[in-house]
Structures are given as C-alpha cells and as structure tokens.
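What follows is a single structure, written as structure tokens, with notes after it.
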Amino acid sequence: MLDPNLFRNDLDAVIRGLASRGFEFDQETYHKLDSERRRVIQEAEVLKAERNRVSEEVAKLKRAKENADPLIAQQREVGDQLKALEAAEKQAETAFRDFLSILPNLPHESVPIGKDEHGNVETKRWGTPAVIEKPRDHVDLGTKLGILDLDRAAKMSGARFSVLKGLGAKLERALINFMADRQSAAGWSEVMTPYMVLPHSVYGVGQLPKFEEDLFKTKRGEDTLYLISTAEVPVTNLYREEILPEEQLPVRHCAFSPCFRSEAGSYGKDTKGIIRQHQFHKVELVAFTTPQLAEAEHEHLTACAEAILEALGLPYRRMLLCTGDMGFSSRKTYDLEVWLPSQNTYREISSCSWFGDFQARRANIRFRPKDGKPQFLHTLNGSGLAVGRTWVALLENGQQPDGSIKIPQALVPYLGTDTIR
RNA sequence: GGAGAGGUGGCAGAGUGGUUGAAUGCGGCAGUCUCGAAAACUGUUUAGGAGGUAUCCCCUCCUACGAGGGUUCGAAUCCCUCCCUCUCCGCCA
C-alpha cells in the first residue's frame with residue numbers, strides 16, 4: 001500500500017512512478033473515491049459530535065433528576081440518520097482501500113526503467129563456469145544416478161512434483177542445514193513458522209488481492225487458509241500490528257520452509273526438470289529496519305545470499321531488475337542467477353527485494369524512533385537460497401565425465417561424502 | 001470432543017449503562033536534590049482518522065477497552081455470534 005499522503009503532496013510523482021512500471025493510474029476514479037470518502041466522514045463526524053454533546057446534557061439532567069425526555073426524543077432521529085451514514089462511511093472507506101490496494105509499489109530512483117526482463121542490468125559477475133564437454137542436465141544426471149525420480153512423482157501428484165532418493169534426498173537436507181547454519185551464523189536469527197496462513201497475512205505482503213490464483217488454498221471450517229508461497233509471508237507477519245523499538249532494528253530472521261505455488265499461467269515455462277515446482281524448499285532471509293538503514297540492508301541481505309553461492313563455488317551474476325520486471329510490492333530487486341551448464345546460461349536462484357514501507361503499511365508494522373511518533377518501518381527479504389535450484393546447480397556444475405557429481409568442500413560435512421556416484 | 005475462567009494503555013491491574021481514553025502500581029521520559037548515581041519528591045507518558053492553522057509545533061472533532069453485530073438518547077460496562085488465551089477431563093504424533 002502506498003502512503004496516502006503521497007497522493008496529496010506529490011500526485012505527479014505517483015503517476016510517473018506507476019507509469020514507469022507500466023501501470024496506468026486512474027486519476028479520475030481516485031479523486032472520486034477520495035472526495036466521496038472525505039465527504040461522508042465529515043458529515044458523519046459532525047453528526048456524532050452533535051450526538052455526543054446532547055448525550056452529555058442528558059446525563060447532566062438525569063444526574064440532577066430533571067426531565068430529559070424532550071432531548072431523548074430528539075436524539076432518536078439523530079441515531080437513525082447516523083446508522084445510514086455509518087454504512088455509507090464504511091462503504092466509501094472500503095472502496096477507497098480496495099482501489100489503493102491494487103496499486104504496485106513505486107520504484108526506487110536507482111531502478112532502471114524498462115518494459116520486461118530485457119531491461120534488467122547485470123551489476124556483478126562471480127566465478128568462472130567450468131568448461132564441460134556436452135554438459136548433461138540435472139534430470140539426466142539425477143535420474144541415472146538414481147537420486148531423482150520424476151516419473152514416480154507424477155504418478156502420485158501429477159506434474160511439477162519430484163521425488164528425491166538416497167543421496168539426492170540427503171543432498172536436499174544437507175543444503176537446507178548448510179544454508180540455515182550459515183545464515184544463522186551471519187546474524188539471521190532462525191525461525192520456524194506455520195506453512196498455512198490466514199488471508200490477512202497474505203494481503204500484508206501484497207500477494208492478495210491481486211495474485212490469488214498463484215496460491216494454493218484450503219479450508220478450516222469457515223476460514224480460508226493459504227499454503228505459503230514463501231516463508232516471507234509468515235515471517236513478515238511475525239510483527240504485524242506491532243511497534244518495535246528503534247534500538248532493536250534491524251531485526252533479521254532466516255527461515256527454512258517448503259513453498260507452494262500453483263504456477264497458474266506458467267504452463268510451458270521451465271517444464272523440464274525441477275526448476276519450477278508446485279512445492280519446493282527455500283531458506284528465506286527477512287529483515288525489518290528503519291528507512292535510513294534500509295538501502296544498506298538491501299545490499300547486506302543480497303551479499304548474504306551471494307555468500308552461499310560463493311561458499312558452494314557456484315558461478316553467478318547479480319541482476320538489477322528494471323521497473324517492468326519487478327514484483328508488485330517491491331521498490332528495488334536484485335535477482336541472483338546461477339550458471340546452468342546444460343542451458344548455457346544463468347538462471348534465477350534468489351530474489352532479494354526492498355519493499356520500503358509498502359508491506360509494513362499493509363501489515364501495520366511500525367517502529368518507535370528514539371524520540372517521536374511511531375512510523376512504518378521498511379521490510380526486505382530474499383532467498384538465501386532456493387534449495388531445489390541449488391540442488392540442480394550443484395549437479396550440473398559438479399558433473400564429471402563419468403556422470404558422477406563432485407561436491408564442494410563446504411558441503412561435505414553435511415552430506416558425508418565428496419562425490420555422488 | 002466435554003467442563004470452567006478470562007481477553008482493558010509498554011507491563012500489571014481497577015472499572016457492570018452517563019465528563020472513564022480509562023483509577024492505581026510498575027516501567028519510560030523530564031525536573032528537583034547530588035560531584036555523579038541510587039533513593040525520595042514533582043510533573044509527564046496510547047494510537048488511528050477528518051478538519052483547521054500550518055507544514056510537521058499546536059488547536060477542534062471523530063474512532064478504538066480481542067473482532068463483528070445488536071439493545072439504548074448514551075456501552076469498556078447489557079445481549080448475540082466469532083476468534084484467541086488459560087485450567088481441568090478425554091483423545092493423540
């Protein structure tokens with residue numbers, strides 16, 4: 001949610017910012033909804049003030065044991081009027097909020113303008129891809145090694161699921177522990193949270209109301225519960241409706257979780273292998289901090305994600321996403337892309353975003369400055385990393401001519417072997 | 001699943017229809033005292049919204065005592081529904 005004051009103080013900047021992401025701001029509707037809302041609020045408040053004043057007089061009369069009947073009769077009418085007005089007020093308020101809630105965040109000034117992923121800018125490259133003769137892909141490698149079984153996964157759950165076996169399963173676990181250990185050691189305090197959340201939690205991070213079709217949905221009695229698409233959802237909501245003391249910031253959490261995505265509308269994309277799954281694992285980094293520290297925190301968070309790739313010796317590059325390719329809630333995003341020999345290109349393995357106060361305003365997460373009023377804090381998060389895709393990258397980059405996989409030193413203590421064969 | 005208790009300000013905890021946005025205590029902040037600190041004393045201390053003035057100092061009004069409805073001229077206080085927490089019993093990885 002954008003700051004309502006922005007619309008009053010600098011409407012042009014809002015319009016320009018939204019336009020840069022390809023979003024056309026409907027000014028006419030905005031003005032209509034805003035003025036209607038204000039009109040109704042004012043009307044209702046005048047009436048309520050009147051009611052409160054007369055009620056007090058009634059109280060005085062009653063206490064003095066005098067007759068208050070004429071006043072009471074007069075008040076009845078006011079009550080009826082108010083009932084109608086309050087309904088109108090609620091409706092106007094809801095309409096206004098609904099309108100605001102589908103507006104994406106405004107890009108930071110450092111974000112390049114662009115229409116789609118072609119506008120993204122590479123800002124860093126690390127590592128040198130090994131020269132591999134006729135590289136095989138992870139499906140080929142994994143299946144032959146007997147550690148990946150896509151056919152049997154399809155038998156029980158359909159497309160976009162996988163079964164890992166033997167050292168494949170252990171590699172997944174090893175990576176989870178490796179990542180969580182590293183990030184905890186780097187100061188990201190570990191949390192484990194629910195994998196099902198109420199709608200307001202999803203709304204808080206900006207995935208509702210616009211992206212409902214991407215989520216798996218389930219029921220508990222009358223309640224709707226969503227399966228989380230990322231640990232960002234529960235972890236960000238850890239502090240909803242709270243005011244954190246400034247000296248506590250930044251608050252940094254890492255969280256392992258499975259992630260569930262219906263991948264609606266992505267048919268045909270990344271169909272091969274386990275790049276795009278309905279269910280995958282991720283170690284997520286989430287930070288809460290002040291507006292002043294947020295930009296530096298974004299760099300820090302991204303560096304912590306990169307540290308995992310570097311520890312595993314996986315070549316990658318960092319992309320600064322352009323306005324047209326950023327997520328709905330994001331103000332600025334770096335994607336980390338890992339080298340995949342079989343595709344002869346870099347593929348996304350982490351996305352590190354700075355949300356400004358966009359999520360905090362939706363979820364009502366604030367901090368109290370040392371002296372002053374509470375204000376919305378800034379939230380950030382990034383994958384540190386996506387486990388399944390790291391699994392893929394390790395197989396493909398570590399493949400040997402004989403089809404075995406060389407495991408990076410740092411991971412050996414977790415996996416218990418330096419080679420999968 | 002059964003029975004009971006309860007949800008009030010940063011915390012503890014009063015308050016059963018009329019200046020209660022909320023007593024009291026603790027904590028926090030400021031001051032007095034002190035070389036300084038502690039203690040003691042004094043004062044102060046919720047948030048959101050609309051408007052005014054103006055820009056962030058202030059003023060007026062509205063809203064909020066788990067959430068949503070209802071009763072009433074008027075609700076933290078009465079009624080209904082839901083949510084959550086705690087205790088006991090049952091069941092259970």
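The chains referred to below are lettered A, B, ... by the order of the sequence lines, with proteins before strands, and numbering in each begins at 1.
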When the [atom1] atoms of [N] and [M] are considered, how many whole Å apart are they?
N     : M     : atom1 : answer
B:U55 : B:A64 : P     : 33 Å
B:A76 : B:G9  : C1'   : 13 Å
B:C61 : B:G21 : C1'   : 15 Å
B:C84 : B:A75 : C1'   : 23 Å
B:A54 : B:C35 : C1'   : 46 Å
B:C86 : B:U45 : C1'   : 31 Å
B:U24 : B:G13 : C1'   : 8 Å
B:A23 : B:U44 : P     : 12 Å

Separation of [N] [atom2] from [X] [atom1] (nearest whole Å):
X        : N     : atom1 : atom2 : answer
A:Lys60  : B:G17 : NZ    : P     : 21 Å
A:Leu198 : B:C82 : CG    : C1'   : 13 Å
A:Arg240 : B:C84 : CZ    : P     : 15 Å
A:Glu241 : B:G9  : CD    : P     : 14 Å
A:Leu82  : B:U72 : CG    : P     : 15 Å
A:Glu56  : B:G18 : CD    : P     : 13 Å
A:Leu47  : B:U63 : CG    : P     : 11 Å
A:Glu242 : B:G10 : CD    : C1'   : 12 Å

**Message:** Is a donor from one side chain sitting under 3.5 angstrom from an acceptor on the other, for A:Gln42 and A:Arg38?
**Reply:** no
**Asked** For residues A:Glu213 and A:Ser262, is any side-chain donor paired with an opposing acceptor at under 3.5 Å?
**Response** no
So, are [X] and [Y] salt-bridged, with charged N and O less than 4.0 Å apart?
X        : Y        : value
A:Glu93  : A:Lys90  : no
A:Arg53  : A:Glu57  : no
A:Arg318 : A:Glu337 : no

Sort out the partner of [N] for me: Watson-Crick or G-U wobble, both distances under 3.5 Å, none otherwise.
N     : value
B:G25 : B:C11
B:G90 : none
B:C41 : B:G31
B:A67 : B:U81
B:A75 : none
B:C58 : B:G52
B:G36 : none

For [X], does the [atom1] atom sit with more than 12 other heavy atoms under 6.0 Å from it, leaving out its own atoms?
X        : atom1 : value
A:Lys124 : NZ    : yes
A:Lys115 : NZ    : no
A:Lys406 : NZ    : no

**Prompt:** Using a cut-off of 4.0 Å on non-hydrogen atoms, how would the nucleic acid contact of A:Val58 be classed: base, sugar-phosphate, or nothing?
**Reply:** base
**Asked** Is there a side-chain polar atom (N or O) of A:Arg51 under 4.0 Å from OP1 or OP2 of B:U72?
**Response** no
**Request:** Would you tell me if any nitrogen or oxygen in the side chain of A:Asn52 comes within less than 4.0 Å of OP1 or OP2 on B:C73?
**Result:** no
**Request:** Would you check if the side chain of A:Asn364 reaches a backbone N or O of A:Glu241 as a donor-acceptor pair within less than 3.5 Å?
**Result:** no
**Complete:** Closest to the 5' end of RNA chain B, once A:Lys90 and A:Ala49 are matched to their nearest nucleotides, is A:Ala49
**Item:** A:Glu396/A:Arg136 under salt bridge (Lys or Arg N to Asp or Glu O under 4.0 Å): CA gap, chis, key distance, verdict
**Value:** CA-CA 7 Å; A:Glu396 296 205 1; A:Arg136 297 153 70 183; over 6 Å; no
**Item:** side-chain contact (heavy atoms from CB on, under 4.5 Å), paired with A:Leu394, selected from A:Ile420, A:Val338, A:Leu171, A:Leu415
**Value:** A:Leu171
**Request:** Mark up nucleotides 46-55 of chain B, 5' to 3', with B wherever a protein heavy atom is under 4.0 angstrom from a base atom, S wherever such an atom reaches only the sugar-phosphate, and - elsewhere.
**Result:** -SSBSS----
**Prompt:** Should A:Lys217 and A:Glu212 be marked as a salt bridge (Lys or Arg N to Asp or Glu O under 4.0 Å) after you check the CA-CA gap, both sets of side-chain angles, and the distance that decides it?
**Reply:** CA-CA 9 Å; A:Lys217 198 175 176 178; A:Glu212 190 185 8; 2.7 Å; yes
**Message:** By nearest atom, which of the nucleotides B:G69, B:C61, B:G18 is closest to the A:Lys62 side chain?
**Reply:** B:G18
**Message:** Using a strict heavy-atom distance below 4.0 Å, which residues from residues 70-81 of chain A are in contact with RNA chain B?
**Reply:** A:Ile72, A:Gln75, A:Arg76
